[in-house]
Asks: 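What follows is a structure written as structure tokens; I'll ask about it next.
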Amino acid sequence: MIKRLGAGWKRALGYFRRNGISAAAWAVAERILLEKQQKSYRYEPPAQEELLRQKREAETFENPPLLSVVVPAYETPPDFLRALLDCMEGQSWINWELVVADAGSTDTVRQVVEERKDVRIRYLKLTENLGIAGNTNEALKAVRGTYTGLLDHDDLLTPDALYEMACALKESEEKGITPVLLYSDEDKCDGGGQVFYEPHRKPDFNMDLLLSNNYICHFLMLRTDVFRRLKERSGYDGAQDYDLVLRAAAGVLSGEPEAAYVHVPKVLYHWRCHETSTASNPESKRYAYEAGKRALEDFCAAQGWRVQVEDTRHLGFYRIRYLPDILAVRKDVGAAAYPLPPRRGRLQSGIYDRKDGALLMRYAGLPRHFSGYMHRAVLSQDVEAADVRTMRVRKDGEPSRLSEELKNAQEAVRQGADPAETSFTFCRKIRGMGYRICWDPDGTRLL
């Protein structure tokens, strides 16, 4: 607990230095509120009875896939590595292999791995340290599975992680979809791997949110043939996984269905926090966020987009400025929407979600200086529906008729029609045409 509080103050001090006292004060206030809200979080591992049930069910799979996990190791503390090997041997999905690529100069990693007699655990000694990207690529050469997952040498998988991935893979294939990648929710744990906190509940695949930060992160499994084709790039060490995911996600812009990017909405990964980890203290690896910015710039350039990529107030979270305009640059975006003006110091995002038959406004009521859960209230993102009063649409090609329909929808709201229902109906048309609706919290408001 003391270490967590210390890390929190380090974050606050770094934020103050970058953004000033007023912004830092609001950030601290929001952080305190968020921690209060998350106090009730408890990670509960599956009971032994459930794990046995999962093993029995796995035996019924027709042609069960071999799932590979790669760990680039470098002078890994023995206790951390033993815990990692324990979490692998405790998996309810038994058809897996682990490749540990050791780039260290000592025998520590080899000695710990050789304690295990499990033939599924394979040790690979590298002749030189090629950096985390290069070491991962060397491990990738040795894998035999159809999908390959990434596991940091000091982190942990939950005992049902590979089972849940295998089930999601099976469900997708039954729908005629071959996933490109699968990812899960995650949380953080203390250095001893005993206390779990700060769960990261992720949305389903969201292209524009991904262009704001690497929300996919852990646990990630990528189709091995795609992984081998893309590889990790050493020029982005520290953000090599973000660079990899961005390049994998490029398929969505060229016809790959979003359903091929599968979200498993369960915590399957524990991100260990200790003194030097990014999870504990973002300032400790500032270079990683600079690498993330470069990866995003490279991705946009590869798409032929004229943009400026900017840092936000929050490390590892970015903003893309499209030149001259997102609708002129992005052919996949049919509408751009912006927030409604704040009311009494509280946000009105203008994003609508349907829940239990009612349309609710996302982020509504959040203090205007707060950034929301995982800073999503201040990040660009794709939405199902946004308010027509702060929306612009494409005017070129087939969507040209949308401009007139948008004017009609805006006039209907001015005449007293329900803004939420009118907006939801109009946005359904845009999405039905195969376009995204991008909500930009920093765009020019029309009201």
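Count residues from 1 along the sequence.
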Asks: Could you tell me whether D118 and R120 make a salt bridge, using a distance below 4.0 angstrom between a side-chain N and a carboxylate O?
Replies: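 Yes, D118 and R120 are salt-bridged.
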
Asks: So does D442 get a backbone contact from the side chain of D440, meaning a donor-acceptor N/O pair under 3.5 Å?
Replies: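 Checked: pair present.
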
Asks: Any salt bridge between R272 and D155, counting N to O under 4.0 Å?
Replies: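 A salt bridge is absent here (no side-chain N lies under 4.0 Å from a carboxylate O).
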
Asks: Contact between L246 and L211 at the side-chain level, heavy atoms closer than 4.5 Å - yes or no?
Replies: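 Yes, their side chains come closer than 4.5 Å.
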
Asks: Is a donor on one side and an acceptor on the other found under 3.5 Å between the side chain of Q381 and the backbone of R376?
Replies: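 Side chain of Q381 to backbone of R376: a pair is present.
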
Asks: With a 4.0 Å cut-off, would you call R233 and D298 a salt bridge?
Replies: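 Salt bridge: yes.
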
Asks: With rounding to the nearest 0.5 Å, note down the distance linking CH2 in W305 to OH in Y322.
Replies: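 If I round to the nearest 0.5 Å, the distance is 5.0 Å.
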
Asks: Would you say the side-chain atoms of E75 and T108 include a donor-acceptor pair closer than 3.5 Å?
Replies: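 Absent: no donor and acceptor within the cut-off.
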
Asks: Return the minimal non-hydrogen interatomic distance between S172 and P179, and the atom names on each side.
Replies: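 Smallest interatomic distance, heavy atoms only, reads CB-CG, 3.6 Å.
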
Asks: Using a cut-off of 6.0 Å, state whether more than 12 heavy atoms not belonging to I94 lie near its atom CD1.
Replies: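 No, because the 6.0 Å sphere around CD1 of I94 holds 12 heavy atoms or fewer from other groups.
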
Asks: Tell me the closest heavy-atom pair linking T158 and D160, and the distance in Å.
Replies: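 Taking T158 first and D160 second, the nearest heavy atoms are OG1-OD1, 2.7 Å.
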
Asks: For the NE2 atom of H218 and the CG atom of L156, what is their distance to the nearest 0.5 Å?
Replies: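 The CG atom of L156 is 11.5 Å from NE2 of H218, to the nearest 0.5 Å.
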
Asks: Ignoring hydrogens and angles, tell me if any N or O in the side chain of K125 forms a donor-acceptor pair with the backbone of G104 under 3.5 Å.
Replies: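 At least one qualifying donor-acceptor pair exists.
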
Asks: Can we say R56 and E49 salt-bridge, meaning some charged N sits less than 4.0 Å from an Asp/Glu carboxylate O?
Replies: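 Looking at E49 together with R56, the answer is no, because their closest N to O distance does not fall below 4.0 Å.
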
Asks: Calculate, to the nearest 0.5 Å, the distance between atoms CD and CZ belonging to Q308 and R306 respectively.
Replies: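 With rounding to 0.5 Å, CD (Q308) is 9.0 Å from CZ (R306).
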
Asks: With rounding to the nearest 0.5 angstrom, report the CG to OG1 distance, L222 to T224.
Replies: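 With rounding to 0.5 Å, CG (L222) is 7.5 Å from OG1 (T224).
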
Asks: Return yes if a side-chain donor-acceptor contact under 3.5 Å exists between N206 and Y215, otherwise no.
Replies: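 Their side chains do not contain a donor-acceptor pair, so the 3.5 Å distance test is not met.
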
Asks: Picking from E57, Q54, Q91, what satisfies side-chain hydrogen bond (donor to acceptor under 3.5 Å, both in side chains) with Y163?
Replies: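 Looking at E57, Q54, Q91, the match for Y163 under the side-chain hydrogen bond (donor to acceptor under 3.5 Å, both in side chains) is E57.
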
Asks: So which heavy atom on H153 is nearest to which on P72, and how close?
Replies: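 Distance-wise, the nearest heavy atoms are CB-O, 3.8 Å.
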
Asks: Find out whether V378 and F317 are in side-chain contact, i.e. whether some heavy atom of one side chain is under 4.5 Å from a heavy atom of the other.
Replies: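 Side-chain contact under 4.5 Å: no.
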
Asks: Is it the case that over 12 heavy atoms from other parts of the model lie below 6.0 angstrom from the CD atom of E174?
Replies: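 Atom CD in E174 is packed in, count exceeds 12.
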
Asks: A side-chain contact here means heavy atoms from C-beta on lying under 4.5 Å apart; do L162 and M88 qualify?
Replies: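 Contact flag for L162/M88 side chains = yes.
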
Asks: So L150 and V70, do their side chains get closer than 4.5 Å, heavy atoms only?
Replies: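 A side-chain contact exists here, since the closest heavy-atom pair is under 4.5 Å.
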
Asks: Please verify the inter-ring angle class for Y269 with F219; under 30° counts as parallel, over 60° as perpendicular, anything in between as tilted.
Replies: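 Parallel.
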
Asks: Within this structure, what is the CG-CG distance for the pair D237 and L130, rounded to the nearest 0.5 Å?
Replies: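 D237 atom CG to L130 atom CG measures 10.0 Å (nearest 0.5 Å).
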
Asks: Checking side-chain polar atoms at under 3.5 Å, does Y352 have a donor or acceptor matched by the opposite partner on D387?
Replies: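 Side chains of Y352 and D387: pair found under 3.5 Å.
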
Asks: Relative to F61, does K170 satisfy both conditions: NZ or CZ under 6.0 angstrom from the six-membered ring centre, and within 45 degrees of the ring's axis?
Replies: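 Output yes; distance and angle both within limits.
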
Asks: Side chains of T136 and Q240: does their closest heavy-atom pair fall under 4.5 Å?
Replies: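 A side-chain contact under 4.5 Å is absent here.
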
Asks: Is a donor on one side and an acceptor on the other found under 3.5 Å between the side chain of E138 and the backbone of G134?
Replies: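 The answer is no, because no donor-acceptor pair under 3.5 Å joins these two groups.
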
Asks: Using modelled atom types only, decide if a donor and an acceptor are shared between the side chain of D243 and the backbone of A295 within a distance under 3.5 Å.
Replies: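 Side chain of D243 to backbone of A295, a donor-acceptor pair under 3.5 Å: no, none is there.
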
Asks: Under the side-chain contact (heavy atoms from CB on, under 4.5 Å) criterion, do Q303 and V329 qualify, and how do the steps go?
Replies: CA-CA 10 Å; Q303 310 314 310; V329 174; over 6 Å; no

Asks: Within a radius of less than 6.0 Å around CD of Q37, do more than 12 heavy atoms belonging to other residues, nucleotides or ligands occur?
Replies: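 Count over threshold, so yes.
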
Asks: Is the closest side-chain heavy-atom distance between L379 and H314 below 4.5 Å?
Replies: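 With C-beta onward as the side chain, the pair stays apart.
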
Asks: Considering residues, nucleotides and ligands other than K266, do more than 12 of their heavy atoms fall under 6.0 Å from its NZ?
Replies: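 Check fails, neighbour count at 12 or below.
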
Asks: Contact between L84 and V100 at the side-chain level, heavy atoms closer than 4.5 Å - yes or no?
Replies: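 SC-SC contact between L84 and V100 ruled out.
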
Asks: Determine whether a donor-acceptor pair (N or O, by modelled atom type, separation under 3.5 Å) exists between the side chain of Y183 and the backbone of F205.
Replies: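 Side chain of Y183 to backbone of F205, a donor-acceptor pair under 3.5 Å: yes, one is there.
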
Asks: With a 4.5 Å cut-off on side-chain heavy atoms, are S212 and S380 touching?
Replies: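 Yes - at least one pair of side-chain heavy atoms lies under 4.5 Å apart.
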
Asks: Got a second to check how far N213's CG is from R319's CZ, nearest 0.5 Å?
Replies: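 Going from CG on N213 over to CZ on R319, the span is 12.5 Å.
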
Asks: Do Y43 side-chain atoms and C189 backbone N/O form a donor-acceptor pair below 3.5 Å?
Replies: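 Answer holds: no.
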
Asks: Using a strict cut-off of less than 4.0 Å between a Lys/Arg side-chain nitrogen and an Asp/Glu carboxylate oxygen, indicate whether D86 and R82 qualify as a salt bridge.
Replies: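 So D86 does not pair with R82 through a salt bridge.
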
Asks: Is any side-chain N of the basic residue among K355 and D353 closer than 4.0 Å to the acidic one's carboxylate O?
Replies: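 Looking at K355 and D353, the cut-off is not met.
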
Asks: Establish, yes or no, whether a centroid distance under 6.0 Å links the rings of F196 and H270.
Replies: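 Yes - the distance between ring centres of F196 and H270 falls below the 6.0 Å cut-off.
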
Asks: Under a 3.5 Å distance rule, please check whether R368 uses its side chain to pair with a backbone N or O of G365 as donor and acceptor.
Replies: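 Checking the backbone N and O of G365 against the side chain of R368, no donor-acceptor pair under 3.5 Å is found.
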
Asks: Please walk me through it: do D185 and K202 pass salt bridge (Lys or Arg N to Asp or Glu O under 4.0 Å)?
Replies: CA-CA 6 Å; D185 295 348; K202 303 171 187 176; 5.6 Å; no

Asks: What heavy-atom pair brings V383 and R431 nearest, and what distance separates the two atoms?
Replies: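 Looking at all heavy atoms of both residues, the shortest contact is O-CD, 4.3 Å.
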
Asks: Which heavy-atom pair separates E186 from W271 by the least distance, and what is that distance?
Replies: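 For E186 and W271, the tightest heavy-atom pair comes out as OE1-CE3, 3.5 Å.
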
Asks: Look only at the side chain of N137 and the backbone of E232, and say whether a donor-acceptor pair between them is shorter than 3.5 Å.
Replies: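 Pair found, side chain donor or acceptor close to backbone of E232.
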
Asks: Work out which heavy atom in N135 is nearest to a heavy atom in E128; give both atom names and the distance.
Replies: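 Looking at all heavy atoms of both residues, the shortest contact is OD1-O, 4.0 Å.
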
